[in-house]
Amino acid sequence: MLSYMLDLRLIQAVRVEHYDDHNNRLASGARFVDGPQPFATLNVSTERLLIVDDIVDTGETLKLVCQAVDDHANEIKVAALYIRSNQKHTADWYWKVEDEWVVFPWAPEN
């Protein structure tokens, strides 16, 4: 949907996890699910990059992704649906500050 709305041709989706299946934070911290460097083949060194997240909780997953793409873009911006009021790394744009647990319609049922 964002690709069409923003007229973007290059989209890269990655999965980062910071919680286990029981909604407990991982002791190891945030990590990429599909390997340590999903952006290894990304070649956007002269373009702007938009990172989109559903929620910025502590900001650790956002920090991980931003560090991974830092060498691939001249300008990095972040958009999120929700942010927490006490996150360490935040979005440039967001819809709402929410400190309660958010259940997204696409989340698996536990």
### Task
Only counting residues at least two apart or in another chain, list the ones meeting side-chain hydrogen bond (donor to acceptor under 3.5 Å, both in side chains) with S28.
none

### Task
Inspect the surroundings of CD in E100 and state if more than 12 heavy atoms from other residues, nucleotides or ligands are less than 6.0 Å away.
no

### Message
Please enumerate all residues that pass side-chain contact (heavy atoms from CB on, under 4.5 Å) together with D92, with sequence neighbours excluded.
### Response
K77, V78

### Query
Going through the distances and angles, do E17 and L26 end up as a side chain to side chain contact (heavy atoms under 4.5 Å, CB included)?
CA-CA 8 Å; E17 62 185 5; L26 298 172; 3.8 Å; yes

## Note on the structure
To the nearest 0.5 Å, atom OG1 of T90 lies from atom CD1 of I83 at 4.0 Å

### Message
Going by the rule side-chain contact (heavy atoms from CB on, under 4.5 Å), which residues pair with V102 if we only count those two or more places apart in sequence or in a different chain?
### Response
I55, Y82, R84, E98, F104

### Message
To the nearest 0.5 Å, what is the distance between CH2 on W93 and CG on L50?
### Response
6.5 Å

### Euclidean distance, H89 NE2 relative to D57 CG, rounded to 0.5 Å
12.0 Å

For a quick test of your reading: what N or O donor-acceptor pairs under 3.5 Å do the side chains of residues 58-68 make, sequence neighbours left out?
residue: T58; atom: OG1; partner: E60; partner atom: N; Å: 3.1

### Message
For V16 and V33: C-alpha separation, side-chain torsions, deciding distance, then whether side chain to side chain contact (heavy atoms under 4.5 Å, CB included) applies.
### Response
CA-CA 6 Å; V16 179; V33 174; over 6 Å; no

